[in-house]
Number of protein chains: 2
Amino acid sequence: MKGKATSFDIAHYAGVSQSTVSRALRNSPLVNEETRKRVHDVAKQLNYKVDKNASNLRTQQSSTLALLLFEDPTSDDSQINPFFLAMLGSITRACAKEGYDLLVSFQSASADWQADYEDSHRADGIILLGYGDYIDFQPKFKSLLEQNTKFVCWGATVDNRPDLTVCCDNYGGGKQAAAHFIAHNRSNCAFIGDASDHSPEFFARFQGFKDELLANKVTINERKMANAISTEESGYHATRSLIANNIKFNALFAASDLIAIGAIRALKEANIKVPKDVAVVGFDNIAIASYVNPPLTTIEQNTTVAGQMLVENLLKLIRGEEVQSTLLPPLLIARGSS
Amino acid sequence: MKGKATSFDIAHYAGVSQSTVSRALRNSPLVNEETRKRVHDVAKQLNYKVDKNASNLRTQQSSTLALLLFEDPTSDDSQINPFFLAMLGSITRACAKEGYDLLVSFQSASADWQADYEDSHRADGIILLGYGDYIDFQPKFKSLLEQNTKFVCWGATVDNRPDLTVCCDNYGGGKQAAAHFIAHNRSNCAFIGDASDHSPEFFARFQGFKDELLANKVTINERKMANAISTEESGYHATRSLIANNIKFNALFAASDLIAIGAIRALKEANIKVPKDVAVVGFDNIAIASYVNPPLTTIEQNTTVAGQMLVENLLKLIRGEEVQSTLLPPLLIARGSS
DNA sequence: CCACATTATGACACCGGTGTCATGGTCAAA
DNA sequence: TTTGACCATGACACCGGTGTCATAATGTGG
């Protein structure tokens with residue numbers, strides 16, 4: 001063989017027309033069983049593979065999904081949030097299972113990424129993954145919708161289109177954390193995360209937490225809350241500032257595991273014992289969580305199911321099927337930190 | 001607009017031919033500056049994006065690389081080794097920087113994956129990433145080479161083609177671990193990993209370790225070695241078996257961080273103090289390493305540089321340029337476990 | 001004023017498949 | 001034998017760009 005074999009080469013060697021080769025290789029019922037077999041054999045011998053570009057061009061679809069990862073712009077450049085890495089892994093698997101390829105790309109939230117992948121026919125649909133500043137995304141969502149781009153979104157809600165979102169029941173998770181503290185007689189609670197609505201996921205976690213406390217006649221003092229983004233560093237500093245201001249508490253709910261890990265470091269430094277003096281609960285159940293000291297009690301988001309749901313829903317959208325808003329149940333995993 | 005705009009639409013509105021549109025959009029010097037601008041404006045207005053399939057088909061290249069991740073078949077299905085996840089992150093970044101898309105795919109080592117991506121013109125080249133059973137891969141490597149598929153490989157060497165490999169200086173890393181123990185007067189050493197040549201990376205780490213010990217007149221008893229694959233579980237069990245056999249040692253070199261973490265768990269359970277009774281050194285410097293208790297001393301592999309080198313070398317191969325075998329220097333990071 | 005280089009553009013084949021329509025052959029019913 | 005249904009296959013346009021060649025317009029030197 002000089003270059004790569006084409007369907008014409010197969011046709012030549014199999015003694016049929018190129019049309020028949022194309023049909024045979026896709027197991028069309030139109031071709032005779034015997035010729036089908038012959039074509040397959042020749043194709044195998046010549047190590048022939050259908051040219052995806054030609055095929056995609058003709059059929060106007062790509063059997064490919066694009067995953068856009070939005071990183072917290074302030075996070076360390078070299079480290080990706082392990083929670084997203086886990087999601088990435090499960091999305092990859094789900095795609096493979098469905099026979100789709102996955103294009104992965106990192107984006108800064110501000111960039112002009114709308115529809116780039118789908119318009120250029122590189123992918124049939126898009127999965128958006130990221131924490132945080134989703135509010136800025138609404139105009140972009142709108143532009144995606146206008147162009148009829150198929151996409152699903154982790155966490156953030158798209159105006160008027162709950163079906164495009166897959167997310168964990170953050171509110172319910174927050175409630176579980178509160179219930180856990182109440183059950184262990186810790187009612188002097190602090191919260192570290194972002195209780196504003198800048199970060200809808202953190203906000204929902206806090207709301208659930210607060211509401212469940214209230215249901216048990218416990219209020220959370222605003223002074224016992226500190227803002228943090230989802231990094232260990234940020235959690236560390238937020239906790240230090242609480243300690244520095246001489247705020248007392250015996251339970252700490254962190255909006256993510258990384259924050260919780262940073263918080264524990266700060267507490268240890270201040271010689272505050274975990275869980276004896278302060279019980280700590282995180283959110284996500286990242287791989288690290290069970291290895292830190294003490295092992296972190298946390299609200300698990302099931303990334304395997306989440307990835308599957310994202311892919312499944314997106315494929316439904318692509319096929320024009322109905323999709324329902326998807327809320328995944330979180331699960332409290334009790335470990336040593338509480 | 002009915003469907004997506006094509007270059008003919010742009011041509012129509014800009015009052016030029018389709019050829020000129022194509023040239024203008026790629027900023028060919030052949031088109032007049034004024035028309036170039038006009039075409040760009042129209043394209044922007046119509047939200048036009050070049051159809052990658054058509055473009056790729058014509059130019060016979062895809063501006064896409066494929067990343068094949070081979071998982072340790074025995075490892076837990078839901079958890080990917082964090083080291084590879086880190087690599088994945090850095091490869092993604094390196095691709096983006098070079099203007100390439102990245103197709104990610106998980107493969108079992110046994111599957112018939114050779115050349116699939118490149119033959120079908122979905123990717124211009126392939127990056128192979130995985131631990132372990134690379135020996136079975138040699139025939140596959142051969143088949144890739146025969147088909148002139150461009151690929152690079154992490155860790156494993158390809159027969160007679162050292163230029164296709166990017167890897168950490170595992171041997172040197174092993175030596176550093178030994179030197180570290182010697183410097184701290186720990187000469188009763190154990191090793192957990194795979195000292196056979198089934199796993200070339202682990203093997204090299206062990207060789208370096210052993211040789212450096214020998215250079216200091218220290219030998220390592222074969223009874224003080226246990227096999228493990230790169231999971232926490234495996235490290236835990238291997239260490240337990242050493243302890244159960246009443247093997248005594250005051251230094252432990254684990255072939256990977258996950259193994260080391262499992263080892264520490266086993267040691268703790270046996271009430272053996274780390275680092276007081278046994279100093280532990282791992283390999284990789286995964287994100288977890290600094291959070292475990294005690295923080296793990298480890299030999300860092302710089303994943304950022306590794307990802308960059310893989311991508312850079314692959315692109316060189318694709319462009320037909322000369323590539324050199326690439327050995328990355330490891331770096332010992334001393335923490336609390338030693 | 002003509003020959004020739006230079007610049008900007010258009011026409012057209014081509015990449016390698018897929019889908020539609022036309023065609024030849026076989027067979028059963030009329 | 002003719003008609004029509006049915007099956008297997010071939011011919012060909014088409015997807016939406018890119019690269020080559022031809023051509024028209026303009027400039028430049030002798």
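No hydrogens, no waters, no symmetry mates; every other heavy atom, side chains included, goes into these values. Every value quoted in this text rests on a predicted model; they were computed, and no experiment measured them. Labels below follow one simple rule: chain letters A, B, ... track the order of the sequence lines, proteins then strands, and each chain is numbered from 1.
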Engineer: Using the rule side-chain contact (heavy atoms from CB on, under 4.5 Å), only one of Leu310(B), Leu65(B), Val323(B) pairs with Leu315(B); which is it?
Structural biologist: Leu65(B)
Engineer: Ignoring hydrogens and angles, state whether a donor on the side chain of Ser19(B) or Arg23(B) is under 3.5 Å from an acceptor on the partner side chain.
Structural biologist: no
Engineer: Would one find a side-chain N or O of Ser55(B) under 4.0 angstrom from OP1 or OP2 of dG17(D)?
Structural biologist: no
Engineer: Within the structure shown, what part of the strands sits under 4.0 Å from Gln60(B) by heavy-atom distance: base, sugar-phosphate, or nothing?
Structural biologist: sugar-phosphate
Engineer: May I have the distance from Leu57(B) (atom CG) to dG19(D) (atom C1'), rounded to whole angstrom?
Structural biologist: 13 Å
Engineer: Test your reading of the model: is there a side-chain donor-acceptor pair from Ser63(B) to the backbone of Gln61(B), 3.5 Å cut-off?
Structural biologist: no
Engineer: Nearest to the side chain of Ala54(A), heavy atoms from C-beta on, is which of dG17(C), dC15(C), dC15(D)?
Structural biologist: dG17(C)
Engineer: Provide, to the nearest angstrom, the distance between the CG atom belonging to Asn56(B) and the P atom belonging to dG17(C).
Structural biologist: 14 Å
Engineer: Quick check on DNA chain C: between Thr59(B) and Val21(B), whose nearest nucleotide comes earlier from the 5' end?
Structural biologist: Val21(B)
Engineer: Should the side chain of Ser19(A) and the base of dC12(D) be counted as holding a donor-acceptor pair, with the cut-off at 3.5 Å?
Structural biologist: yes
Engineer: Starting from P on dG17(D), measure out to CD on Gln61(B) and report it in whole angstrom.
Structural biologist: 16 Å
Engineer: Given dT9(C), dG17(C), dG19(C), identify the nucleotide with an atom nearest to the side chain of Tyr48(A).
Structural biologist: dG17(C)
Engineer: Could you work out which one of dG10(D), dG17(D), dG19(C) sits closest to the side chain of Phe8(B)?
Structural biologist: dG17(D)
Engineer: Can you tell me whether the side chain of Arg23(B) and the base of dG10(C) have a donor-acceptor pair closer than 3.5 Å?
Structural biologist: yes
Engineer: Check the phosphate of dG16(C) against Ser7(A), side-chain N and O only, distance under 4.0 Å to OP1 or OP2. Yes or no?
Structural biologist: no
Engineer: Taking only N and O in the side chain of Arg26(B), is any of them less than 4.0 Å away from OP1 or OP2 of dT18(D)?
Structural biologist: yes
Engineer: Which of these nucleotides, dC14(C), dT9(C), dG17(C), is closest to any side-chain atom of Arg58(B)?
Structural biologist: dC14(C)
Engineer: Below 4.0 angstrom, N of the basic side chain to O of the carboxylate: do Glu33(A) and Arg36(A) qualify?
Structural biologist: yes
Engineer: To the nearest angstrom, how far is His121(A) atom NE2 from dC15(C) atom C1'?
Structural biologist: 17 Å
Engineer: Quickly work out the Leu30(A) CG to dA22(C) P distance and round it to whole Å.
Structural biologist: 16 Å
Engineer: Tell me: NZ of Lys49(B) to P of dG17(D), nearest whole Å?
Structural biologist: 13 Å
Engineer: Could you state the atom-to-atom distance from CD of Gln18(B) to C1' of dT20(D) in whole Å?
Structural biologist: 14 Å
Engineer: Counting only side-chain heavy atoms from C-beta out, which of dT9(C), dG17(C), dT9(D) sits nearest to Asn32(A)?
Structural biologist: dT9(D)
Engineer: Distance check needed: dG17(C) P versus Ile10(A) CD1, whole Å only.
Structural biologist: 8 Å
Engineer: The side chain of Thr20(B) lies closest to which of these nucleotides: dG17(C), dT9(C), dC12(C)?
Structural biologist: dT9(C)
Engineer: Any sub-3.5 Å donor-acceptor pair from Ser62(B)'s side-chain atoms to Asp124(B)'s backbone N or O?
Structural biologist: yes
Engineer: Heavy atoms only, 4.0 Å cut-off, all strands: where does Ser22(A) land among base, sugar-phosphate and nothing?
Structural biologist: base
Engineer: So do Leu164(B) and Phe141(B) actually touch side chain to side chain, heavy atoms under 4.5 Å?
Structural biologist: no
Engineer: Compare the minimum distances between each of dA8(C), dG16(D), dG19(D) and the side chain of Thr6(B), then state the nucleotide with the smallest one.
Structural biologist: dG16(D)
